[in-house]
Amino acid sequence: MWLINLMNDFVIGYPILVASLWIIGCLYFGKLQRTEKRPVLTPDTAPLVSILVPAHNEQDTLKGAVASIAALHYHNFEIILIDDKSSDDTLNIMYELQKAYENRFLIKVVPIEVNQGKANAMNQGLKVANGEYLLGIDSDSILDYQSLSELVKTLNSDPHIGAVAGKPVVRNRTTILGRLQLLEYIGVIDIIKKAQAFLTGRITTVSGVIVAFRRDALLAVGGWNPAVMTEDIDITWRMYRHGWQVRYEPRAICWILVPESVRNLIKQRQRWSRGGLEVLVGNRDVLAHGSWSKRVLLYETVISNVWAICTSLSLISWVLNLIMVHSVQLDGDILLILLVISFTQFGIGFKASQAAAYLEWRDLLLIPVYIIYYWMINLVSCIAAIISFVLDPDRIGTWTSPDRGLK
């Protein structure tokens with residue numbers, strides 16, 4: 001019985017502890033960023049940036065992505081459009097865009113004959129890129145006009161920085177699921193990265209939808225790894241292994257499309273969870289011999305997976321208790337604390353992103369629903385990822401459909 005009680009306490013207590021650390025780290029990160037001085041961009045300090053846009057069946061969104069690049073307040077760039085064997089009109093649209101913008105900036109088109117996934121597409125783009133820095137975005141993303149300038153300023157501030165992740169903000173908000181993910185990106189994902197950056201000086205992963213790299217760092221780690229499910233998590237940790245720093249720049253905003261069905265959302269989160277497990281196994285030596293900051297991030301992944309397993313067992317225990325004893329005991333005080341911390345967390349995230357992300361106060365009414373949605377979606381995804389990883393550890397993913405958020 002004491003073991004069950006301990007497990008139940010962990011299931012409730014762990015989110016409270018983690019959310020508290022997120023809040024503290026986020027607040028201090030914001031204070032630190034407001035006082036941080038970065039070099040001013042001038043024509044002499046604005047290096048050539050190669051913007052890599054890999055695409056697979058993105059005929060409906062590609063033009064919008066390129067139009068947002070054309071509107072950037074940073075003008076020293078080239079665009080590399082990479083078609084990963086699309087079955088629709090994506091490649092033809094790339095050539096149309098190349099001609100339409102030929103008097104404004106250079107667009108290179110890279111057709112790939114066999115669909116092999118995003119990592120391979122990025123590597124093919126790297127081969128023809130001439131920029132000192134490289135920006136990777138998804139072909140259904142829209143860049144904020146100052147996003148590239150913010151990323152370049154951060155890269156210019158320290159030659160040891162190998163990569164800088166920007167801040168994704170959800171733009172498809174017409175469904176409840178879309179608005180719930182909007183809350184997640186500004187109230188959880190953004191806060192986690194800020195907290196990690198302040199508390200450990202590192203982040204677990206860059207965001208594949210908007211991330212800028214130093215060319216030397218990419219070449220040092222051998223580019224992207226096609227043999228993993230999540231190339232963005234993998235390349236983050238290979239950067240660390242080669243001595244490069246990875247930063248988070250929330251002032252660099254990218255508007256993204258997210259899954260609008262529960263099925264596709266769980267697929268996406270399962271992929272994220274599996275990517276975390278792959279990195280954990282691939283860097284298991286760091287758990288014992290790495291720097292404290294690396295170990296903290298990896299142990300967080302370990303504990304999160306243990307939490308998922310314990311939560312599953314607790315749910316089974318509660319259901320059996322309800323069926324057999326016809327009662328379930330819940331600690332109201334702990335649940336109240338969890339609610340208060342959650343509202344505080346989302347309030348901070350909302351305040352920090354309200355102007356830039358065009359948020360509305362009515363979005364906060366979804367917080368109680370979100371709390372259930374977040375933990376349940378991530379619980380199911382995590383357990384599914386653990387099972388798939390155990391059964392098929394060598395699985396490699398490629399793009400097989402244009403489902404939003406699944407690249």
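Considering only residues two or more places apart in sequence or on other chains, K108 meets the salt bridge (charged side-chain N to carboxylate O under 4.0 Å, His left out) condition with E78. Remark: R295 pairs with no residue by the salt bridge (charged side-chain N to carboxylate O under 4.0 Å, His left out) rule, at least two apart or across chains. R104 pairs by the salt bridge (charged side-chain N to carboxylate O under 4.0 Å, His left out) definition with nothing, not counting sequence neighbours. Among residues two or more places apart in sequence or in another chain, the ring pair (Phe, Tyr, Trp, His ring centres under 6.0 Å) test is passed with F350 by W361. Checked against salt bridge (charged side-chain N to carboxylate O under 4.0 Å, His left out), R284 has no partners two or more places apart in sequence or in another chain.
A donor atom on one side chain and an acceptor atom on the other are found under 3.5 Å apart for N264 and S261. In this model, no donor atom of one side chain and acceptor atom of the other lie less than 3.5 Å apart for S86 and E58. For the residue pair E249 / T154, a side-chain donor-acceptor distance below 3.5 Å is found, with atom types taken as modelled. Side chains of D88 and T90: a donor-acceptor N/O pair is present below 3.5 angstrom, by distance only. R271 and T230 share no donor-acceptor pair across their side chains, judged by distance under 3.5 Å alone. Between the side chains of D138 and S141, no donor N or O sits under 3.5 Å from an acceptor N or O. Defined by atom type and a distance below 3.5 Å, a donor-acceptor pair is present between the side-chain atoms of Q245 and R247. Residues S304 and Y14 have side chains that bring a donor and an acceptor to within less than 3.5 angstrom of each other. Side-chain atoms of N225 and E231 include no donor-acceptor pair closer than 3.5 Å. Under the 3.5 Å distance criterion, with hydrogens and angles disregarded, no donor-acceptor pair is assigned to the side chains of D232 and S207.
Checked by atom type and distance alone, the side chain of R274 never pairs as donor or acceptor with a backbone atom of A385 at under 3.5 Å. Remark: side-chain polar atoms of S68 are paired, donor with acceptor, to backbone N or O of L143 under 3.5 angstrom. Remark: the backbone N or O of T45 is paired with a side-chain donor or acceptor of N156 at under 3.5 angstrom. E113 contributes no side-chain N or O that, together with a main-chain N or O of K85, makes up a donor-acceptor pair within less than 3.5 Å. In terms of modelled atom types and a separation under 3.5 Å, the side chain of S314 and the main chain of C310 share a donor-acceptor contact. Between the side chain of E184 and the backbone N or O of L180 there is no donor-acceptor pair closer than 3.5 Å. The closest donor-acceptor contact from the side chain of T35 to the backbone of L32 lies under 3.5 Å.
We find the CD1-CG distance between I233 and L280 to be 11.0 Å, quoted to the nearest 0.5 Å. Distance check, rounded to the nearest 0.5 Å: OG of S381 to CE of M376 gives 11.0 Å. For the atom pair CD1 (I142) and SG (C254), the distance works out to 8.0 Å, reported to the nearest 0.5 Å. Taking CG of L366 as the start and CG of L183 as the end, the distance is 6.0 Å to the nearest 0.5 Å. Atom OG1 of T301 sits about 10.0 Å away from atom CG of N283, to the nearest 0.5 Å. How far CD1 of I79 is from CD1 of I69: 4.0 Å, rounded to the nearest 0.5 Å.
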Candidate pair D285 and R241, rule salt bridge (charged side-chain N to carboxylate O under 4.0 Å, His left out), full reasoning: CA-CA 11 Å; D285 59 309; R241 279 189 170 276; 2.5 Å; yes
V66 vs L81, side-chain contact (heavy atoms from CB on, under 4.5 Å): CA-CA, chis, key distance, verdict: CA-CA 9 Å; V66 174; L81 303 178; 4.1 Å; yes
Verdict with supporting geometry, L257 and T61, side-chain contact (heavy atoms from CB on, under 4.5 Å): CA-CA 10 Å; L257 296 175; T61 60; 4.2 Å; yes
Q116 and D84: CA distance, side-chain angles, deciding distance, side-chain hydrogen bond (donor to acceptor under 3.5 Å, both in side chains) verdict: CA-CA 7 Å; Q116 298 181 57; D84 196 18; over 6 Å; no
Residue pair R362, R179: steps toward the side-chain contact (heavy atoms from CB on, under 4.5 Å) verdict: CA-CA 11 Å; R362 64 187 178 93; R179 300 198 82 86; 4.0 Å; yes
Full working for side-chain contact (heavy atoms from CB on, under 4.5 Å) between N130 and L48: CA-CA 8 Å; N130 293 321; L48 176 65; 4.0 Å; yes
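Residue pairs meeting the ring pair (Phe, Tyr, Trp, His ring centres under 6.0 Å) criterion with at least one member in residues 104-154, sequence neighbours excluded, are H73-Y145, F77-F105, Y101-F105. Among residues at least two apart or in separate chains, there is no ring pair (Phe, Tyr, Trp, His ring centres under 6.0 Å) pair with a member in residues 174-196. Under the side-chain hydrogen bond (donor to acceptor under 3.5 Å, both in side chains) criterion, no residue pair touches residues 18-31, with sequence neighbours excluded. Every pair passing ring pair (Phe, Tyr, Trp, His ring centres under 6.0 Å) that includes a residue from residues 244-265 is listed here, sequence neighbours excluded: W255-Y358. The salt bridge (charged side-chain N to carboxylate O under 4.0 Å, His left out) pairs that include a residue from residues 189-202 are K167-D190, D190-K194, where partners are two or more places apart or lie in different chains. Applying the salt bridge (charged side-chain N to carboxylate O under 4.0 Å, His left out) test to every pair with at least one member in residues 209-230, sequence neighbours left out, gives no pairs at all.
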Can you give me every donor-acceptor pair (side chain of residues 120-127, partner residue at least two apart or in another chain, under 3.5 Å) with its distance?
from: N123; atom 1: OD1; to: W224; atom 2: N; distance (Å): 2.9
from: N123; atom 1: ND2; to: A119; atom 2: O; distance (Å): 3.3
from: N123; atom 1: ND2; to: W224; atom 2: O; distance (Å): 2.8

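In terms of heavy-atom proximity, I235 sits nearest to G223 at CD1-O, 3.8 Å. Residues A308 and L379 share a closest heavy-atom pair of O-CD1, 3.2 Å. Contact record, P47 with N76: C-ND2, 3.2 Å, taken as the closest heavy-atom pair. Heavy atoms only, all atoms of each residue included: T236 and I203 are closest at CG2-O, 3.9 Å. The shortest heavy-atom contact between Q268 and P259 is NE2-CD, 3.9 Å. Closest non-hydrogen pair, W292 versus L199, comes out as CH2-O, 3.1 Å.
Exactly one residue among V53, V209, L148 makes a side chain to side chain contact (heavy atoms under 4.5 Å, CB included) with I137. That residue is V53.
At least one side-chain heavy atom of N115 sits under 4.5 Å from a side-chain heavy atom of H56. The side-chain heavy atoms of K63 and L97, taken from C-beta on, include a pair separated by under 4.5 Å.
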